[in-house]
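Start at 1 and go down the list; that is how both ligands and their atoms are numbered.
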Amino acid sequence: MLSRRRLLTLGAAAGATGLLAAAVPQSSVAARSGASAAFTVPLPVPPVLEPALRTATHDIYRMTLKEADARILPGVTTRVRSFDGQFPGPTIRARRGRPVVVQQVNELGTPVAVHLHGGHVPQASDGHPMDLIKPGGSRTYHYPNDQSAATLWYHDHAHMLESENVYRGLSGLYVLTDELEDLLPLPKGRYDVPLLLRDAKLAGDGALAYDVHDIAARGTTMVNGVSRPYLNVAARKYRFRLVNVSNDRVFAFRLSDGSRFTQIASDGGLLPAPVPMDSIGLWPAERAEIVVDFSSYAPGTQLVLENLAPYPGEDAQIMRFDVGGKVPDPSRVPEQLRPLPQPGKPTVERTFEMTTDMAHDRYLINGKEFDMDRVDIRPRLGVDEAWTVSVPAGNYAMPHTFHTHLAQFRVLERNGKPPAPEESGLKDTVPLVPGETVRLHVRFTTYTGRYIYHCHMMGHSALGMMGQMEITA
Ligand code: C2O
Ligand code: CU
Ligand code: CU
């Protein structure tokens with residue numbers, strides 16, 4: 001059944017972000033209205049990148065980071081920072097057990113660091129904020145793909161620049177598949193559609209306007225890089241991979257007729273079992289995969305994907321599904337998706353308190369700003385750890401999302417209670433509103449070295465809400 005807990009969280013987030021919105025000057029509120037025509041553009045799907053070379057064991061890709069012109073609004077050109085000229089970046093399709101190598105050539109005027117979010121990768125390929133690719137430089141990243149099928153994404157991570165770089169376009173999808181998932185009768189091929197969701201503030205001439213604090217003024221929402229598209233769908237089941245690639249935007253989605261859909265996966269891949277829902281929260285960097293069944297609608301039906309948590313005065317309509325004729329549908333959602341092991345009993349306890357000091361514009365974890373020369377924690381490989389992450393009540397009513405590199409974790413408790421079913425799978429990013437505490441089971445099993453954890457509201461990580469860990473054997 002539909003879980004209540006997560007919806008409460010959403011309500012609280014909407015309230016919290018609403019408070020922030022109240023502080024936005026009227027001029028920007030006016031600037032963001034009337035931004036886009038409704039549903040005139042078909043949904044683009046980011047192209048799948050072809051390897052430059054396929055060897056017996058590896059797929060080798062090459063991308064160039066460069067400026068490009070995007071069409072966020074119909075007929076309006078917006079200059080973006082892009083991977084390979086695409087906005088969002090091209091999709092990499094990877095297979096478990098088959099490593100991928102990506103050479104990134106930086107032709108932008110800014111340093112970058114490319115991070116594979118959710119990936120288990122060696123330190124040198126993690127896009128650590130200090131491992132920069134300077135303008136004119138290049139770097140080769142190695143992705144072993146030794147983990148379960150999941151919807152991952154890549155994005156810039158250059159320290160203090162990541163927020164603006166990502167805002168200006170530096171993100172893309174990385175779909176990892178495996179045999180176990182192939183065996184399930186889920187919708188496949190053209191019925192498996194990624195939806196990369198984000199927002200932005202566009203100036204009058206269509207230029208991206210960036211201000212780290214301006215989060216409630218980003219009134220243009222986009223799906224796969226365009227504002228308010230439509231998608232023609234057959235009257236059958238679809239799998240949608242929702243990815244929130246926003247810097248700071250909290251989404252909560254529902255279908256305009258309130259009908260049910262089924263969540264099948266979270267950040268780290270398939271849930272143990274499908275979860276029926278009628279709305280779904282998606283915070284920055286979170287992924288959720290849902291199956292929507294359009295078979296009961298008459299041809300010609302139009303359904304709108306709505307955002308339940310808009311800022312005051314914002315348009316809540318994100319995209320539209322236009323239902324066509326019936327087609328044969330061999331797909332179904334099985335009752336069991338994949339077993340997940342019980343987390344081991346933690347032998348190490350750590351706490352992370354996320355706070356803001358608005359007077360000094362400081363964003364802190366355990367009272368500290370990020371310092372590349374400091375190691376905050378030293379986890380050991382193979383050890384079961386419990387991480388208690390909290391945002392104190394009343395802390396400027398500021399929501400945060402806690403993310404760690406190099407591991408998917410399990411939520412053991414949210415506010416002292418077992419997590420909702422949709423939060424019980426593999427996660428790498430968890431939302432918190434003020435007053436909330438989550439207890440996570442974390443276990444690093446792959447690589448040693450220096451990695452980071454941070455708030456994935458990118459404005460916050462850029463302002464210091466990040467810590468460093470050194471993982472040792
Ligand atoms: Cu999306 Cu440090 O990660
Ligand atoms: Cu990450
Ligand atoms: Cu934050």
Novice: Please determine, by modelled atom types, if Asp384 and His441 share a side-chain donor-acceptor pair under 3.5 angstrom.
Specialist: yes
Novice: Once the angle between the rings of His456 and Trp153 is folded into 0 to 90°, is it parallel (under 30°), tilted (30 to 60°) or perpendicular (over 60°)?
Specialist: tilted
Novice: In sequence, state the C-alpha distance, the side-chain angles, and the governing distance for Leu440 and Phe402, and then conclude on side chain to side chain contact (heavy atoms under 4.5 Å, CB included).
Specialist: CA-CA 11 Å; Leu440 313 175; Phe402 185 85; 4.1 Å; yes
Novice: Is it true that the NZ or CZ of Arg198 lies under 6.0 Å from the centre of Tyr167's six-membered ring and within 45 degrees of the ring axis?
Specialist: yes
Novice: With a cut-off of 2.8 Å, how many protein N, O or S atoms neighbour atom 2 (Cu) of ligand 1?
Specialist: 3
Novice: List the steps, then state whether side chain to side chain contact (heavy atoms under 4.5 Å, CB included) holds for Thr351 with Trp387.
Specialist: CA-CA 6 Å; Thr351 56; Trp387 291 13; over 6 Å; no
Novice: How large, to 10°, is the angle at the Cu ion (ligand 2) when you draw lines to NE2 on His403 and to NE2 on His115?
Specialist: 170°
Novice: Have a look at His405 and tell me which of His120, His117, His157 forms a side chain to side chain donor-acceptor pair (under 3.5 Å) with it.
Specialist: His157
Novice: Between the side chains of His155 and Asn165, is a donor N or O closer than 3.5 angstrom to an acceptor N or O?
Specialist: no
Novice: Run the ring-centre check on Tyr141 versus Tyr154 and record whether the distance is less than 6.0 Å.
Specialist: no
Novice: With no hydrogens and no angle check, just 3.5 Å: does a side-chain donor-acceptor pair link Arg287 and Thr151?
Specialist: no
Novice: May I ask you to check whether Tyr363 and His460 place their ring centers less than 6.0 Å from one another?
Specialist: yes
Novice: Using a strict cut-off of 2.8 Å, how many protein N/O/S atoms surround the Cu ion (ligand 3)?
Specialist: 3
